[in-house]
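The residues of the chain are indexed from 1 along the displayed sequence.
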Amino acid sequence: MRIVRSTRRRACTTLIAGLVLASAAPAEAAETQTAPCPVTGRVTHEFGPSPTGFHNGLDIANAAGSPIKAGRAGRATCSGTSGALGEYIVVTHPGGSKTTYVHLRKRSVGIGTAVNSTTKVGEMGATGTSDGRTRLHLEVLDGERTNPRLRYNCPR
């Protein structure tokens, strides 16, 4: 059992380090089927080039504590706290793609929990490296960074 946890912890650490350090522009994925957006709110920062580098996700603002749902079925495979990301959860979906939910105020599922589109995975917050505004930073990894809009039907 310890080996499994240690391996899982290393995998999460590697994944999270990659999220923090990633700056190269990813390719757009071809998949067009979208799921419901994991949160309600207003998109404040799009995926793509920005003045500070490449922004690898969508930032969606709403009130602190607003519920965050999984959006797509999968299993929580990483969950923790990172200096830059704050409270985060990673859900791995069938087929291997991953969705990362960052800057959470509260995590609502643990590692190994099966989730579906309506499962609450956390609450919106402003943890980690943040300007203090409450938001969800939503990232999708599908072999490489992928525009979350290709997977989720989030507001424009």
Side-chain angles (χ1 to χ4, degrees), residues 5-23 26 34-94 96-142 145-156:
R5 284 185 179 175
S6 177
T7 301
R8 184 178 290 152
R9 187 173 294 127
R10 273 196 304 273
C12 287
T13 302
T14 301
L15 174 67
I16 296 309
L19 292 173
V20 172
L21 298 174
S23 62
T34 59
C37 193
V39 296
T40 58
R42 180 177 53 88
V43 173
T44 59
H45 199 165
E46 291 284 345
F47 175 90
S50 74
T52 58
F54 198 90
H55 190 247
N56 289 309
L58 283 180
D59 286 351
I60 305 167
N62 204 334
S66 295
I68 300 168
K69 298 186 178 175
R72 297 169 52 211
R75 186 167 302 277
T77 52
C78 295
S79 177
T81 304
S82 161
L85 305 177
E87 300 292 321
Y88 68 89
I89 292 177
V90 179
V91 172
T92 300
H93 308 285
S97 68
K98 295 174 176 27
T99 300
T100 305
Y101 309 85
V102 178
H103 302 306
L104 308 182
R105 176 171 91 170
K106 178 181 176 185
R107 293 175 276 144
S108 300
V109 296
I111 294 174
T113 304
V115 299
N116 62 40
S117 63
T118 62
T119 304
K120 180 180 171 182
V121 296
E123 295 178 2
M124 203 174 282
T127 61
T129 303
S130 173
D131 59 10
R133 290 182 282 184
T134 302
R135 68 183 183 279
L136 167 67
H137 176 79
L138 180 70
E139 285 196 26
V140 174
L141 300 133
D142 195 1
R145 301 297 185 274
T146 301
N147 188 338
R149 290 195 180 279
L150 296 174
R151 301 292 187 269
Y152 296 99
N153 186 21
C154 290
R156 293 265 172 204

Those residues at least two apart in sequence (or on a different chain) that pass salt bridge (Lys or Arg N to Asp or Glu O under 4.0 Å) with R75 are none
Closest contact, heavy atoms only, C37 versus I60: SG-CD1, 3.7 Å
Between the main-chain N or O of T127 and the side-chain N or O of S130, is there a donor-acceptor pair closer than 3.5 Å? no
Just jot down the ring-ring contact (aromatic ring centres under 6.0 Å, His included) partners of H55, sequence neighbours excluded, or say none. H45, H137
Residue pair R151 / T99, side-chain heavy-atom distance below 4.5 Å: no
Side chain to side chain, V140 and F47, heavy atoms closer than 4.5 Å: no
Taken to the nearest 0.5 Å, the spacing of L150 CG from T34 OG1 works out to 9.5 Å
Do side-chain atoms of N62 reach the backbone of T40 as a donor and acceptor pair under 3.5 angstrom? yes
Answer yes or no: is there a side-chain heavy-atom contact under 4.5 Å between L138 and C154? yes
Taking every heavy atom of N116 against every heavy atom of A70, the minimum-distance pair comes out as O-CB, 3.2 Å
Looking at side-chain heavy atoms only, is the closest gap between S97 and R72 below 4.5 Å? yes
Mind checking whether I68 and L104 have side chains closer than 4.5 Å, heavy atoms only? yes
Side chain to side chain contact (heavy atoms under 4.5 Å, CB included) against K106, all qualifying residues, sequence neighbours excluded: E123
Pairs meeting criterion disulfide bond (SG atoms under 2.5 Å apart) with involvement of residues 96-134, two or more places apart: none
Of all heavy-atom pairs linking A73 and P94, the shortest is O-CD, 3.4 Å
Restricting to salt bridge (Lys or Arg N to Asp or Glu O under 4.0 Å), what partner residues turn up for E87, sequence neighbours left out? R107
Under the salt bridge (Lys or Arg N to Asp or Glu O under 4.0 Å) rule, what pairs show up with a residue in residues 47-70, not counting sequence neighbours? D59-R135
Could you please spell out the steps behind the side chain to side chain donor-acceptor pair (under 3.5 Å) verdict for T44 and R133? CA-CA 10 Å; T44 59; R133 290 182 282 184; over 6 Å; no
Do the side chains of Y101 and V39 get nearer than 4.5 Å, heavy atoms only? no
S108 and I89 have their tightest heavy-atom pair at N-CD1, 4.2 Å
Which heavy-atom pair separates I111 from T77 by the least distance, and what is that distance? CG2-O, 4.0 Å
Residue pair E139 / V102, side-chain heavy-atom distance below 4.5 Å: no
Heavy-atom pair of closest approach, residues G41 and P155: O-CG, 3.2 Å
Pairwise distance NE2(H103) to CG(D131) - rounded to 0.5 angstrom: 8.5 Å
